[in-house]
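See below for the structure under consideration.
Lettering of chains follows the sequences in order, A, B, ..., and the numbering in each one begins at 1. Because only heavy atoms are used, hydrogens play no part in the values below, and waters and symmetry mates are left out as well, while side chains stay in.
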Number of protein chains: 2
Amino acid sequence: MDRTDDSLIALRRILRATELFGKELAHAAGLSPVQFRVLQLVAEQGMSTPKAISVQMGVTQATITALLDRLEKQGMITRARSQVDRRQMNIAVTEKGRATVAEAPDPLQQRYVRQFESLKDWEQAQIIAALERVASMLDAEDMDASPVLHSGEIKPS
Amino acid sequence: MDRTDDSLIALRRILRATELFGKELAHAAGLSPVQFRVLQLVAEQGMSTPKAISVQMGVTQATITALLDRLEKQGMITRARSQVDRRQMNIAVTEKGRATVAEAPDPLQQRYVRQFESLKDWEQAQIIAALERVASMLDAEDMDASPVLHSGEIKPS
DNA sequence: CTTTTTGCTTCGCCAAGCAAAGTAACCTCA
DNA sequence: TGAGGTTACTTTGCTTGGCGAAGCAAAAAG
């Protein structure tokens with residue numbers, strides 16, 4: 001079907017664009033894309049743990065340890081042993097980290113958001129409906145997609 | 001705006017899903033995601049060059065050289081100096097490579113396509129419109145997005 | 001027939017990923 | 001309570017993917 005191809009092509013364009021934006025963004029912030037992602041995650045949640053981050057990003061803890069080492073060395077985050085569960089480390093964003101995230105606004109978001117918000121109401125609604133439809137077609141049967149979003153709960157110190 | 005957030009969330013779901021599929025797929029094929037992508041590219045086009053691949057993937061040629069080394073060692077592709085322009089290498093997929101791509105059908109495509117094709121006509125049209133809209137919002141100013149698809153022309157040997 | 005450009009490789013480097021093994025803290029249940 | 005298992009994290013050692021710079025050979029431009 002032509003139709004299917006069209007939709008796949010559009011999807012790929014989206015993927016490609018976001019990939020490039022990711023690089024751009026991270027470069028601007030002086031961090032690698034992955035480092036920035038971690039920083040964003042922690043900043044969003046105010047506080048996190050290596051375990052939680054590893055689950056959210058779908059990588060092993062060992063990888064996160066290394067990433068946090070680098071972010072810590074750059075003064076973006078701090079590690080502190082949790083008082084509640086002394087096995088856990090509480091990861092917090094420093095002022096510098098917070099500033100980095102804030103000042104390097106996601107270019108994807110920036111550009112896209114600006115345009116999206118200039119759309120008419122019904123257009124926005126329609127796009128959201130379509131995106132959600134596509135998203136659910138993609139991750140519907142992905143039985144561990146939703147768990148991932150909720151597991152790795154953290155008890156902050 | 002809530003609306004904007006909704007659309008971004010849907011977008012991220014899409015990104016996450018495709019990322020996971022990428023890993024899944026590559027794992028099934030016994031190749032890394034990146035290696036598989038290269039193989040797919042070459043297979044699609046029947047023949048390519050390191051330069052063309054590097055442009056299409058947005059990485060340097062040095063990176064491609066290394067990737068091709070691995071794919072060649074695994075007997076997935078062959079390198080042959082072009083007779084037309086002796087600076088160029090013609091990259092071709094071997095039978096094994098072709099089989100690998102064929103037998104490890106893109107799970108993203110599989111699952112998504114099946115569902116997409118079961119949609120009503122007007123739904124398909126609407127989704128395509130929305131996706132294309134989003135894509136163009138994302139890569140509109142990215143002046144080399146479209147060129148990328150066409151540049152790196154190759155004169156096969 | 002130089003000079004510049006292009007296409008590819010090599011080299012040396014670093015980041016990101018994994019698995020496996022190690023350590024410390026927590027939990028269980030007998 | 002205390003022995004054995006589980007959980008959270010780190011360390012180690014390895015592979016892959018990525019880059020820039022340097023190099024070489026071929027082609028294109030003067």
Of the nucleotides [options], which one has an atom closest to the side chain of [X]?
| X | options | result |
| --- | --- | --- |
| A:Thr65 | D:dC19, C:dC8, D:dC9 | D:dC9 |
| A:Leu67 | D:dA8, C:dG17, C:dC26 | C:dG17 |
| A:Lys51 | C:dC8, D:dG17, D:dC9 | D:dC9 |
| B:Asp85 | D:dC9, D:dA26, C:dT9 | D:dA26 |

Tell me: [atom1] of [X] to [atom2] of [N], nearest whole Å?
| X | N | atom1 | atom2 | value |
| --- | --- | --- | --- | --- |
| A:Arg81 | C:dA24 | CZ | P | 10 Å |
| B:Arg70 | C:dT10 | CZ | P | 13 Å |
| B:Met89 | D:dA25 | CE | C1' | 13 Å |
| B:Ile91 | C:dT9 | CD1 | P | 7 Å |
| B:Ile53 | C:dC8 | CD1 | C1' | 12 Å |
| B:Arg37 | D:dT16 | CZ | P | 18 Å |
| A:Gln88 | D:dT6 | CD | P | 19 Å |
| A:Ile77 | D:dC9 | CD1 | C1' | 13 Å |

Any [X] side-chain N or O less than 4.0 Å from OP1/OP2 of [N]:
| X | N | answer |
| --- | --- | --- |
| A:Thr63 | C:dA16 | no |
| A:Gln61 | D:dT11 | no |
| B:Ser32 | D:dT16 | no |
| A:Thr60 | C:dC18 | yes |
| A:Arg87 | D:dT10 | no |

Would you indicate what [X] reaches in the nucleic acid, counting non-hydrogen atoms under 4.0 angstrom: base, sugar-phosphate, or nothing?
| X | result |
| --- | --- |
| A:Ala66 | nothing |
| B:Arg79 | sugar-phosphate |
| A:Ile64 | nothing |

Result of checking A:Gln88, A:Gln83, A:Arg87 against A:Asp85 for side chain to side chain donor-acceptor pair (under 3.5 Å):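 Single pass found, and it is A:Arg87.
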Check: B:Leu138 main-chain N/O paired with A:Arg13 side-chain donor or acceptor under 3.5 Å: no
Residue mapping more 5' on DNA chain C - nearest nucleotide basis, A:Ala62 or A:Gln35: A:Gln35
